[in-house]
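Heads up, the thing below is written out as structure tokens.
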Amino acid sequence: MLLRAIEAVPVDGRQSPTALAVARGSARLLRSLGFCCVSELVLPSGRRADLVALGSGGDIWIVEIKSSIADFRADQKWMDYGLHCDRLFFATTLDVPAEIFPPDTGLIVADEYGASIVCEAPEHRLAAARRKSLLLRFAQAAALRLQALADPTGPYPEV
């Protein structure tokens, strides 16, 4: 039953195959570090984060995926993401030079099978009210997505 429900979930279509592979490997890394992830989470600012990771202690990390130099140069929305997490990382492939990423962010290098943290992200703790808001968004998105898997034709909003 679960396999049929997973097959019923439509493919997003916005991400390149490279970006999808980096997301998968990054999510595997984060899971190995004790985090669970929600992809494409809409933040309070209205921006959509590629991966938002929640740790067992309530830490919130955002991972912004960049599949190429052109992808990094074309998208500057990530500058807002630091306001919504304790740590901000970029994730990319070995083919993208690490030097293009800002020094005040972390860096993950990934493929579809796994990933490594190349540079740790500096920590900047969220205020309690902002943390609560993000935790609620994370929980609601995850719960609605699970519900939609169980009932693919139900009346669920995009989250």
Using 30° and 60° as the class boundaries, would you call the ring planes of F90 and F101 parallel, tilted or perpendicular?
tilted
Rounded distance [0.5 Å steps], CG in D104 versus SG in C119:
10.0 Å
For the student: nearest non-hydrogen atoms of L126 and R131, plus distance
N-NH2, 3.4 Å
Hey, what do you get for OG1 (T105) to CD (E120), rounding to the nearest 0.5 Å?
12.0 Å
Measure the shortest side-chain to side-chain distance between H124 and C85 over non-hydrogen atoms and say whether it is less than 4.5 angstrom.
yes
Is there side-chain contact between L135 and I60, with at least one heavy-atom pair below 4.5 Å?
yes
Could you tell me whether a side-chain N or O of D71 sits under 3.5 Å from a main-chain N or O of A74, the two making a donor and an acceptor?
no
As an exercise, state the distance from CE of M79 to CG of L88, rounded to the nearest 0.5 Å.
11.0 Å
Excluding W61, membership of its hydrophobic cluster (Ile, Leu, Val, Met, Phe, Trp, Tyr; side-chain heavy atoms within less than 4.5 Å) reads V22, L29, L30, L33, F35, L51, V63, I65, F89, I108, I117
If you draw a 6.0 Å radius around CG in L136, do more than 12 non-hydrogen atoms from other residues or ligands fall strictly inside?
yes
Closest heavy-atom pair, P44 versus L134, reported as atoms and distance to 0.1 Å, is CD-CD2, 3.7 Å
Which atom of A110 lies closest to which atom of A115, heavy atoms considered:
CB-CB, 3.4 Å
What pairs with D75 under salt bridge (Lys or Arg N to Asp or Glu O under 4.0 Å), at least two apart in sequence or on another chain?
K66, K77
With side chains defined as the heavy atoms from C-beta onward, is the minimum distance between E40 and D50 less than 4.5 Å?
yes
Separation of R145 CZ from L41 CG (nearest 0.5 Å)
6.5 Å
Which atoms form the tightest heavy-atom contact between C37 and F138, and what is the distance?
C-CZ, 4.0 Å
Can you see which heavy atom on D80 is nearest to which on R47, and at what distance?
OD2-CG, 3.4 Å
Shortest non-hydrogen contact between S67 and A19, atoms and distance
CB-N, 4.1 Å
With a 4.5 Å cut-off on side-chain heavy-atom distances among I, L, V, M, F, W and Y, is there a chain of contacts connecting I69 to W78?
yes
Starting at CZ of R87, measure out to CZ of R125 and round the result to the nearest 0.5 Å.
8.5 Å
Sequence neighbours excluded, which residues qualify as salt bridge (Lys or Arg N to Asp or Glu O under 4.0 Å) partners of R137?
none
